[in-house]
Amino acid sequence: MQFRDYAAVLRQYWLIVALTAIAAVASAIFFARAQTPVYRSSVRLEVTGRIDNGHVLAIEKTLRQTAARVATTAVAEGVEAR
């Protein structure tokens, strides 16, 4: 087949190709707007200052507890309300 053959087919069926493209775009827009938005956030907990081995152990325990609390539903609802 040569380029002329492809051009002839496109000239004959251009309306079908155009309508298919328009239908695809319209359905993509419809489905994109129908999706429920999903939001994601992240938090970085840092401790600064003079830290020795005893502080490190206490901080690790405290940060684990704080990180677990931040991940609860109540905190997420508070963030959503803001």
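We count residues from 1, following the sequence as given.
- Hydrophobic side-chain contacts under 4.5 Å tie L57 to no other Ile, Leu, Val, Met, Phe, Trp or Tyr residue.
- With sequence neighbours excluded, the residues that form a side chain to side chain contact (heavy atoms under 4.5 Å, CB included) with T72 are A74, V75.
- Clustering of Ile, Leu, Val, Met, Phe, Trp and Tyr side chains at separations under 4.5 Å places L15 together with W14, L19.
- Legend: residues meeting side chain to side chain contact (heavy atoms under 4.5 Å, CB included) with I16, ordered by chain and number and at least two apart, are Y13, T20.
- Among pairs with a residue in residues 23-37, none fulfils salt bridge (Lys or Arg N to Asp or Glu O under 4.0 Å), at least two apart in sequence or across chains.
- Residue F30 is found in a hydrophobic cluster whose other members, listed by chain and number, are F31; membership requires side-chain heavy atoms under 4.5 Å apart, directly or through intermediates.
- Pairs passing the salt bridge (Lys or Arg N to Asp or Glu O under 4.0 Å) check and including a residue from residues 10-23, sequence neighbours excluded, do not occur.
- A distance of 11.0 Å separates CD1 of I59 from OG1 of T66, quoted to the nearest 0.5 Å.
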